[in-house]
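In this chain, residues are counted from 1 in sequence order. In each ligand, atom 1 is the first atom listed, and ligand 1 is the first ligand listed. Values below: every heavy atom of this structure, side chains too, minus hydrogens, waters and symmetry copies. Since this is a predicted model, take the numbers as computed values, not measurements.
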Amino acid sequence: MGNEKKEIVPKERVRVLVDRAPNSEGDYILYWMTGARRTTWNYALDRALELASELGKPLLVLEAIRLDYRWASDRFHRFVLQGMAENQRRFSAHQVAYYPFVETQVGEGKGLLRALADSACVVVTDDAPVFFLPALLRGAVSRLRTRLEAVDSNGLLPMREAPKAFARAYDFRRFLQKSLGPWLSQSPCEDALSRLPTRPLVSLPAACTKRWPPATSALLEAGPLALGRLPLEHSVGPVKYAGGSTTAEQRLEGFLNAGFGHYAEGRNRLSSGDSSGLSGYLHFGHISAHEIFRKLAQREAWSPDMLGECTKGKREGWWGMGENSEAFLDQLVTWRELGFNNAVLGANSSSYSSIPEWARVSLELHSGDARPYRYDLATLEQAGTHDDLWNAAQEQLRQQGTIHNYLRMLWGKKILHWSRSPEEAFEIMVELNNKYAMDGRDPNSDSGILWTLGKFDRAWGPERPVFGKVRYMTSENTRKKLGVGPYIAEWLGPRLDSLLP
Ligand SMILES: Cc1cc2nc3c(=O)[nH]c(=O)nc-3n(C[C@H](O)[C@H](O)[C@H](O)COP(=O)(O)OP(=O)(O)OC[C@H]3O[C@@H](n4cnc5c(N)ncnc54)[C@H](O)[C@@H]3O)c2cc1C
């Protein structure tokens, strides 16, 4: 027992998808980085380094981006490319071979993974139930002849440790309070590249680089010229903030130092900085939930023995931290991981049919109700409604790639109110959220959008037109609750000015 080797990566996080022995004749361990696009706090990287060390082989990291994903635009491409430029710097500082591949024509990358895998001992990749990644992984399983392991680095709880898909946040929270404790003392390495040096790979495989040339620095810089040459949706332009782990870490530091003192009530205020602004970085894997949790726990001088004993699903009290930290962790852990839980264990978790029966029946019953206003996708997309608060939220989404936390709920509820049917509202939300939001195309896009239609919620009374028993929200009440003037001026300013005589 005493001599048992301790795994660096818990076995509950590793899925062997091509079950073959490692190819000892291979030239390297290939880490195919798809979901956790970072060099730190990354279980898949830890696993690849562990194998490299065990087999005495170098590590090769492939990070690629294709062109034919839905909603591909300058906005998302630039964010990912900036992250890749940074990963290249970080890997090269540790003499780890890094292969950045950026398609310049649709389909150009076809065959690269297989070609690299054929010379690998083992392929390690990310197990992320995000957007098209599960389909990509299924494709790899059918094509690769080399051992393939997929590693779950998504959240504090290994996704497949949950017994089922939870239908309510309350039930999931209760489950976490009973089961998460032991997982909180484990995390991926903060700086695995320094801890586990591997033999460097002298050069990238020449046969591959000839056919699939690695991205140039100019392309990774993602300036307007480089992006302009790629067949992307150019009308969805880059945002003002940069992608990559350094910006994400700075944002986290800034948030913990400044905004954090009033998160519990500040999250629903309209000033910026009262929430972390990390969801886009989490979505693209530029920061890890483990890093966020550890840094927060350090500030709180927290240790696992401070966890509360009451496991009845209450929002406050279980973590044994201050009010703001507990409120933040309820979002970062309970709500975020509920999305992953449903994505992996739920049936059709991204479809309208996954809303609960009571909500579907009630919305159906009210589908013939008169709508006070009706807007189509084009009008909504252009922020052209009668409601300037809603228009301001839509403008923030178009320009900044995010919507303020509270207004995002109102944004969705009003789309339900103004669409011909709840199914149409769902499709409009998916289109707008995923086309513009930096954190879109995520398990939590499904959670958030479907929440506006009753998922993860309970029935509310009295029944209202259009909403039925689904929780309703109004712009009027939101105006009363929040001081919306400066927010509207910020996002509609130029438009309002043009209306002045
Ligand atoms: C209609 C609608 C659509 C949404 N679409 C998305 C989406 O596409 N992607 C997305 O990540 N979130 C989505 N959400 C949830 C939530 O709005 C965002 O996660 C949050 O606004 C992100 O801002 P932040 O990083 O400053 O959050 P913070 O308040 O700082 O929270 C920290 C982290 O916790 C997680 N989190 C916070 N709130 C939620 C929530 N309600 N559900 C799940 N996780 C949460 C996020 O990862 C977030 O980064 C949506 C909500 C609604 C109502």
Does ligand 1 have a heavy atom under 4.0 Å from the side chain of [X], from its backbone, from both, or from neither?
X	answer
Phe255	neither
Leu338	neither
Asp439	both
Arg267	side chain

> Where is the nearest protein heavy atom to atom 26 (O) of ligand 1: which residue, which atom, and how far?
Replying inline: Ser275 OG, 2.6 Å
> For atom 24 (P) of ligand 1, what's the nearest protein heavy atom and its distance?
Replying inline: Gly277 N, 3.6 Å
>> With rounding to the nearest 0.5 angstrom, report the CD to CG distance, Glu161 to Leu156.
In response: 13.5 Å
>> Could you measure the distance from the CZ atom of Arg251 to the OH atom of Tyr281? Nearest 0.5 Å is fine.
In response: 4.5 Å
>> List ligand 1 atoms under 4.0 Å from Gly448, heavy atoms only on the residue side.
In response: 1 (C), 2 (C), 3 (C), 4 (C), 50 (C), 51 (C), 52 (C), 53 (C)
>> Out of all atoms in ligand 1, which are within 4.0 Å of some heavy atom of Gly440? Include the element for each.
In response: 8 (O)
Whether [Y] and [X] form a salt bridge (side-chain N of Lys/Arg under 4.0 Å from carboxylate O of Asp/Glu) is what I want to check.
X	Y	answer
Lys435	Glu381	yes
Glu291	Lys295	yes
Glu233	Arg70	no

> Do the numbers put Lys312 on top of the ring of Trp318, so that NZ or CZ is under 6.0 Å from the six-membered ring centre and no more than 45° off the axis?
Replying inline: no
Contact check: [X] vs ligand 1, nitrogen or oxygen atoms, below 3.5 angstrom:
X	answer
Ser279	yes
Trp451	no
Ser276	yes
Leu278	yes
Trp411	no
Ile403	no

> Heavy-atom count around Phe132 CZ within 6.0 Å, excluding the residue itself: above 12?
Replying inline: yes
> So, for His286 and Phe79, is the gap between ring centers shorter than 6.0 Å?
Replying inline: yes
